[in-house]
Engineer: 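So that we are looking at the same thing, I have put the structure below in structure tokens.
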Amino acid sequence: MKNINFLAFAMPAFFLFLFLEYKLAQRRKRPEIFNYESSVSNISIGIAERLINLFVAASFYQLYYLIYDDYRIFEIPSNALVWFALILATDFVWYWYHRLGHEVNFFWAAHIVHHHSEEFNFTAAARITTFQAIIRTGFWCVLPLIGFHPTMVITMLIVHGAYSFFTHTQLIGKIKWLEYVFVTPSVHGVHHASDEKYLDKNYGDMFTFWDRLFGTFQTEEEKPKYGLTHPLKSYSFLWQHFHYYFEIYELWKRSIGFKARWKAVFGSPAHMDQDIRPILEKRFLQDKSNPHQRLRFRNYLYIQLGICTLILTVFTYYFDYLQTYDKIFVLSLVILTLINCGALLEQRKWMYYLEYTRIAMISTYFLYEEDLLGFFFVPIAIMIFMEQLFSLSKIYQNTILQLETTE
């Protein structure tokens, strides 16, 4: 029992609460809370973050212990008062990490993914990238440096993360008396809004008094409009992760002199040239002839996300027992599947070739397992033969990429 990786149950628990939120939204006749494409995109990013973090989380924890063992400033004991101080310290560090994540281009590039979604529900809480996890780990290293034991820090970060998950919902209204101390869904919904009066407000994750102290608190007045001030025109898995890095690079190329280029990387997102994103979208993305169309065969996407979730759960549970090549195979397969999901939402015809790539990866892996890698050309030859005989690409595109009008 002691070797059970309880993180394996994080994704099933996520889907349980997501299902309950969805059913409650239906019961209250609030279908606008959920959007099919956005929810799929949010969940895909969440799966990727959980998967990649399996490879890097141990390094985070080792870093905490290294700093604590060799560089801690104070000897802080473990008692009730210290745990309370750690709660406050964790949220204080989060406040400044979060605020700088909105005020510095390089940090915003990692954090912006969390704000892409124009819906505000539990799926939006999943929009965390590994880039963001790495950056905030750097901030949290302050805690073991001060002298908080890494075990306490790690425990508090889990509690902190669980609390913030439940602040991503519209089904809980304003609780004014509670908002004097704690972040509520209403308070955090303001942070996710693109309305001018709500911009750059409510950075706290558990407590509101940091925002009140530093002048960044804003209570909800009018219903927020969620998402970015300049919405992203793509559900592409890769584009959502990397578009702002491209924007920074484009601004850096346009800048002249060291100071201007420094600002391109570490300046404020508010000063980003607003013509850059449309230019990059035109360069890298396809234009849709009808923006009010969606996939008719959506169950195919659900099946892929379901399989990814199952693989992630089992993979997390047995992670410590797997060989390196097993881990690389699972990582590659799941990431490729998530890229495929984004390509499906974008109605990209080239994603058909990703299907062949997945089949080739799976067949090669099992041939390797059975010590038959010399026959890797056999499944490839079969795929080529089937394509030539039945024109599978046309059948696939005509079936999977069927569209229907949404309005």
Side-chain angles (χ1 to χ4, degrees), residues 32-35 37-39 41-42 45 95 97-121 123-129 131-132 135 167-168 170 183 185-205 211 214-236 239-252 254-255 263-285 287-288 291-292 345-346:
E32 77 282 357
I33 290 179
F34 284 88
N35 171 272
E37 288 85 358
S38 185
S39 293
S41 176
N42 295 348
I45 290 172
Y95 172 89
Y97 146 74
H98 200 181
R99 181 167 177 173
L100 290 175
H102 282 253
E103 296 179 350
V104 178
N105 271 330
F106 183 75
F107 295 153
W108 178 235
H111 185 59
I112 190 175
V113 182
H114 187 62
H115 287 268
H116 285 155
S117 179
E118 294 180 27
E119 61 179 356
F120 186 64
N121 54 42
T123 69
R127 295 189 68 93
I128 305 294
T129 68
F131 305 127
Q132 182 175 341
I135 290 173
T167 61
H168 291 79
Q170 297 180 57
V183 172
S186 173
V187 170
H188 195 62
V190 166
H191 176 72
H192 274 260
S194 59
D195 310 81
E196 185 174 355
K197 68 186 299 182
Y198 293 152
L199 292 179
D200 300 326
K201 302 294 183 182
N202 299 356
Y203 294 114
D205 208 39
D211 285 292
F214 297 111
T216 53
F217 182 77
Q218 172 65 52
T219 188
E220 180 183 343
E221 295 173 358
E222 297 82 15
K223 178 178 172 55
K225 178 183 178 183
Y226 302 108
L228 302 176
T229 54
H230 297 86
L232 208 63
K233 296 180 180 179
S234 174
Y235 292 110
S236 165
W239 186 248
Q240 290 185 84
H241 275 80
F242 297 106
H243 75 92
Y244 203 79
Y245 294 102
F246 280 97
E247 292 177 40
I248 290 176
Y249 178 64
E250 185 68 25
L251 181 61
W252 184 86
R254 294 184 182 187
S255 302
K263 286 185 177 180
V265 179
F266 297 104
S268 171
H271 300 149
M272 174 64 71
D273 289 349
Q274 297 305 317
D275 65 324
I276 289 179
R277 187 177 302 169
I279 292 173
L280 294 178
E281 288 176 337
K282 186 175 181 180
R283 183 185 305 170
F284 292 107
L285 303 179
D287 293 327
K288 295 182 181 179
H292 302 300
L345 288 174
E346 293 285 294

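When a residue number appears, it is its place in the shown sequence, counting from 1. Since we're looking at a predicted model, the values are computed, not measured.
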Engineer: Measure centre to centre between the rings of F246 and F284, then say whether the value is under 6.0 Å.
Structural biologist: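 Aromatic pair counts; centres sit under 6.0 Å.
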Engineer: Any ion pair linking E118 and K225 (charged N to carboxylate O, less than 4.0 Å)?
Structural biologist: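 So K225 does not pair with E118 through a salt bridge.
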Engineer: Is there a side-chain contact between V187 and T167 in this structure, where contact means two heavy atoms from C-beta onward sitting under 4.5 Å apart?
Structural biologist: no
Engineer: Search all heavy atoms of V183 against all heavy atoms of H188 and return the closest pair with its distance.
Structural biologist: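 That would be CG1-CB, 4.0 Å.
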Engineer: May I ask you to check whether over 12 heavy atoms, not counting those of E32, lie within 6.0 Å of atom CD?
Structural biologist: yes
Engineer: Could you check whether any side-chain N or O of D273 sits under 3.5 Å from a backbone N or O of I276, counting only pairs where one atom can act as donor and the other as acceptor?
Structural biologist: no
Engineer: Please check: side-chain N/O of Q274 versus main-chain N/O of M272, any donor-acceptor pairing under 3.5 Å?
Structural biologist: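 It does hold such a pair.
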Engineer: Can you name the closest pair of heavy atoms from E250 and L280 and give their distance?
Structural biologist: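 Shortest heavy-atom separation between E250 and L280 comes out as OE1-CD2, 4.3 Å.
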Engineer: Just by distance, do the side chain of N121 and the backbone of I33 share a donor-acceptor pair under 3.5 Å?
Structural biologist: yes
Engineer: Q170 side chain to F120 main-chain N or O, any donor-acceptor pair under 3.5 Å?
Structural biologist: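 Pair found, side chain donor or acceptor close to backbone of F120.
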Engineer: Is a side-chain donor or acceptor of S41 paired with a backbone partner of E37 at a separation under 3.5 angstrom?
Structural biologist: no
Engineer: What are the two closest non-hydrogen atoms of T129 and A110, and how far apart are they?
Structural biologist: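 Nearest heavy atoms, T129 then A110: OG1-O, 3.4 Å.
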Engineer: Establish, yes or no, whether a centroid distance under 6.0 Å links the rings of Y226 and H192.
Structural biologist: no
Engineer: Apply the test side chain to side chain donor-acceptor pair (under 3.5 Å) to residues S234 and Q240: give CA-CA distance (whole Å), side-chain angles for both, the deciding distance (0.1 Å), then the verdict.
Structural biologist: CA-CA 7 Å; S234 174; Q240 290 185 84; over 6 Å; no
Engineer: With rounding to the nearest 0.5 angstrom, report the OH to CG distance, Y244 to L228.
Structural biologist: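 Rounded to the nearest 0.5 Å, the OH-CG separation comes to 10.0 Å.
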Engineer: Can you find a pair of side-chain heavy atoms, one from K233 and one from W239, that are under 4.5 Å apart?
Structural biologist: no
Engineer: Donor-acceptor pair, N105 side chain versus A264 backbone, under 3.5 Å?
Structural biologist: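 Yes.
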Engineer: May I ask you to decide if the ring planes of H168 and H114 are parallel, tilted or perpendicular, using 30° and 60° as cut-offs?
Structural biologist: perpendicular
Engineer: Aromatic ring centroids of Y245 and F131 under 6.0 Å?
Structural biologist: yes
Engineer: Quick one: NZ on K282 to CD1 on I279, what's the gap to the nearest 0.5 Å?
Structural biologist: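 Output value for this atom pair is 9.0 Å.
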Engineer: Does the gap between the ring centers of H243 and H116 come in under 6.0 Å?
Structural biologist: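 Judged by ring-centre distance (under 6.0 Å), H243 and H116 do meet the cut-off.
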Engineer: If you draw a 6.0 Å radius around OH in Y249, do more than 12 non-hydrogen atoms from other residues or ligands fall strictly inside?
Structural biologist: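 Not more than 12 within 6.0 Å, no.
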Engineer: Could you check V265 against I248 for side chain to side chain contact (heavy atoms under 4.5 Å, CB included), going step by step and ending with a plain yes or no?
Structural biologist: CA-CA 6 Å; V265 179; I248 290 176; 4.1 Å; yes
Engineer: Is the centre of the F214 ring less than 6.0 Å from the centre of the Y95 ring?
Structural biologist: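 Centroid distance F214-Y95: below 6.0 Å, so yes.
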Engineer: Does K223 come within less than 4.0 Å of D195, counting only side-chain N to carboxylate O?
Structural biologist: no
Engineer: With a 4.5 Å limit on heavy-atom distance, are the side chains of W252 and K263 in contact?
Structural biologist: no
Engineer: Could you walk me through whether E281 and R277 pass salt bridge (charged side-chain N to carboxylate O under 4.0 Å, His left out), step by step?
Structural biologist: CA-CA 6 Å; E281 288 176 337; R277 187 177 302 169; 5.1 Å; no
Engineer: Does any N or O in the side chain of N202 come within less than 3.5 Å of the main-chain N or O of H191, such that one atom is a donor and the other an acceptor?
Structural biologist: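 Not confirmed, N202 side chain does not pair with H191 backbone.
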Engineer: Can you see which heavy atom on A193 is nearest to which on P224, and at what distance?
Structural biologist: CB-CB, 3.5 Å
Engineer: Rounded to the nearest 0.5 Å, what separates atom CD1 in I45 from atom CD in Q132?
Structural biologist: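 Going from CD1 on I45 over to CD on Q132, the span is 11.0 Å.
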Engineer: Can you list the steps and then say if E119 with N42 is a side chain to side chain contact (heavy atoms under 4.5 Å, CB included)?
Structural biologist: CA-CA 10 Å; E119 61 179 356; N42 295 348; 3.3 Å; yes
Engineer: For S194 and T229, run side chain to side chain donor-acceptor pair (under 3.5 Å): C-alpha distance rounded to whole Å, both residues' side-chain angles, the deciding distance at 0.1 Å, then the answer.
Structural biologist: CA-CA 5 Å; S194 59; T229 54; over 6 Å; no
Engineer: May I ask you to say whether K201 pairs ionically with D211, meaning some side-chain N is under 4.0 Å from a carboxylate O?
Structural biologist: no
Engineer: Can any side-chain N or O of H98 pair as donor or acceptor with the backbone N or O of Y203 at less than 3.5 Å?
Structural biologist: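 Pair found, side chain donor or acceptor close to backbone of Y203.
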Engineer: Between Y198 (side chain) and E222 (backbone), is there a donor-acceptor pair under 3.5 Å?
Structural biologist: yes
Engineer: If you take all heavy atoms of S186 and E220, which pair is closest and at what distance?
Structural biologist: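 Here S186 and E220 meet closest at OG-OE1, 2.6 Å.
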Engineer: Determine the minimum heavy-atom distance between H111 and H115, stating which atoms define it.
Structural biologist: NE2-NE2, 3.1 Å
